[in-house]
Amino acid sequence: MSDTLILNADGNPLSVVPLSVISWQTAIRLAYQEKVRVVQDYDDWEVSSPSCTWKVPSIVMCSDFVKWSREVKYNRTNILLRDMFTCQFCGDKPPVGQLTLDHVLPRIHGGKTNWTNIVTACKKCNHDKGSNKKIVPKVMPQKPNYYELCAKRMKFPITVRDKNWLTFLAWPEDNVEFRPPRKGS
Ligand SMILES: [Zn+2]
């Protein structure tokens, strides 16, 4: 995970799902190009070139407001998040590694791999279903919007590099894991 949180010009993270973080090298370059301004440096982390020393930015903010598509990406992580890491057939919540993605209308019957045909399933339900198209989830899957995914994401822990990030994340405090950066130069 990268070390610098990047905010839009309005002070909100550019993205929460996934969290918008960039490498400190990119952060320093963008700050030098005046594309971002530094909101917060790490107190105890500096890097040097032969001619210069910089404090490493922990948080930067875009100089200009960035308009971006709130389209959510179809991928495994976002499917699991939409389904709250819960098997959509039996309601079990096994460890993430044991969750599978299941085609509601099986591929053999022409089922597509997309938001409205893929659900989270435990291994057992996925196996039991096989290519039976009559076994369907309790709730038929839909494409979530960005804000729905964000609201769900906030129910799970987030890892931050710097406690100052929390000022801009509004994350439930008991749901934060603090993992300081490995301060290389
Ligand atoms: Zn199940």
Side-chain angles (χ1 to χ4, degrees), residues 1-23 26 59 62 65-162 165-179 181:
M1 180 177 148
S2 296
D3 297 319
T4 305
L5 176 67
I6 182 164
L7 307 172
N8 210 336
D10 64 359
N12 291 308
L14 265 184
S15 164
V16 172
V17 181
L19 187 61
S20 48
V21 286
I22 56 178
S23 70
T26 301
I59 305 169
C62 296
F65 188 80
V66 178
K67 267 195 182 173
W68 56 282
S69 156
R70 293 284 199 275
E71 272 297 291
V72 291
K73 278 203 181 114
Y74 171 87
N75 58 36
R76 173 182 161 86
T77 305
N78 284 345
I79 290 281
L80 296 179
L81 185 57
R82 179 198 65 187
D83 296 342
M84 299 291 283
F85 300 90
T86 303
C87 173
Q88 297 298 292
F89 298 97
C90 72
D92 258 18
K93 295 186 182 196
V96 178
Q98 291 176 32
L99 285 169
T100 65
L101 300 185
D102 184 69
H103 288 76
V104 177
L105 179 64
R107 265 179 298 190
I108 197 166
H109 299 296
K112 301 255 165 59
T113 301
N114 60 25
W115 283 107
T116 53
N117 194 47
I118 294 288
V119 290
T120 304
C122 72
K123 282 185 177 168
K124 182 174 184 306
C125 288
N126 196 333
H127 180 264
D128 290 351
K129 183 175 186 300
S131 58
N132 185 344
K133 59 181 173 183
K134 290 191 182 138
I135 300 176
V136 292
K138 290 177 180 164
V139 180
M140 291 306 271
Q142 296 194 337
K143 182 178 178 179
N145 69 39
Y146 172 78
Y147 299 99
E148 285 164 358
L149 275 193
C150 286
K152 288 181 173 177
R153 180 66 188 81
M154 287 181 83
K155 296 186 196 306
F156 298 95
I158 195 165
T159 302
V160 300
R161 291 296 198 211
D162 182 357
W165 290 13
L166 298 176
T167 311
F168 300 95
L169 292 182
W171 214 266
E173 245 176 69
D174 53 355
N175 233 352
V176 174
E177 285 169 14
F178 176 55
R179 204 182 303 153

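All values derive from a computational prediction rather than experimental measurement.
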Closest approach of [X] to [Y] (non-hydrogen atoms, all atoms of both residues):
X: M1; Y: T159; answer: CE-O, 3.1 Å
X: S131; Y: H109; answer: O-NE2, 3.2 Å
X: N12; Y: D10; answer: N-OD1, 3.0 Å
X: C122; Y: T100; answer: O-OG1, 3.9 Å
X: F156; Y: W171; answer: O-NE1, 3.1 Å

Would one find more than 12 heavy atoms of other residues, nucleotides or ligands at under 6.0 Å from atom [atom1] of [X]?
X: K152; atom1: NZ; answer: yes
X: R107; atom1: CZ; answer: no
X: E177; atom1: CD; answer: yes

Yes or no on side-chain contact (heavy atoms from CB on, under 4.5 Å) for I59 and L7, after CA distance, side-chain angles and deciding distance? CA-CA 7 Å; I59 305 169; L7 307 172; 3.6 Å; yes

Just to verify, which of V104, L101, I79 counts as forming a side chain to side chain contact (heavy atoms under 4.5 Å, CB included) with V119?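 When side chain to side chain contact (heavy atoms under 4.5 Å, CB included) is applied between V119 and each of V104, L101, I79, only V104 qualifies.
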
Verify side-chain contact (heavy atoms from CB on, under 4.5 Å) between V17 and N78, making sure each step is shown before the conclusion. CA-CA 8 Å; V17 181; N78 284 345; 3.6 Å; yes

Not counting sequence neighbours, which residues clear salt bridge (charged side-chain N to carboxylate O under 4.0 Å, His left out) with E173? List them please. none

Partners meeting salt bridge (charged side-chain N to carboxylate O under 4.0 Å, His left out) with K143 (sequence neighbours left out): E71

Distance from N175 atom CG to L169 atom CG, nearest 0.5 Å?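 Rounded to the nearest 0.5 Å, the CG-CG separation comes to 12.0 Å.
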
Between CG on residue L99 and OG1 on residue T86, distance to nearest 0.5 Å: 8.0 Å

Pairs in or reaching into residues 124-146: which pass ring-ring contact (aromatic ring centres under 6.0 Å, His included), with residues at least two apart or in two chains?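 For residues 124-146: W68-Y146.
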
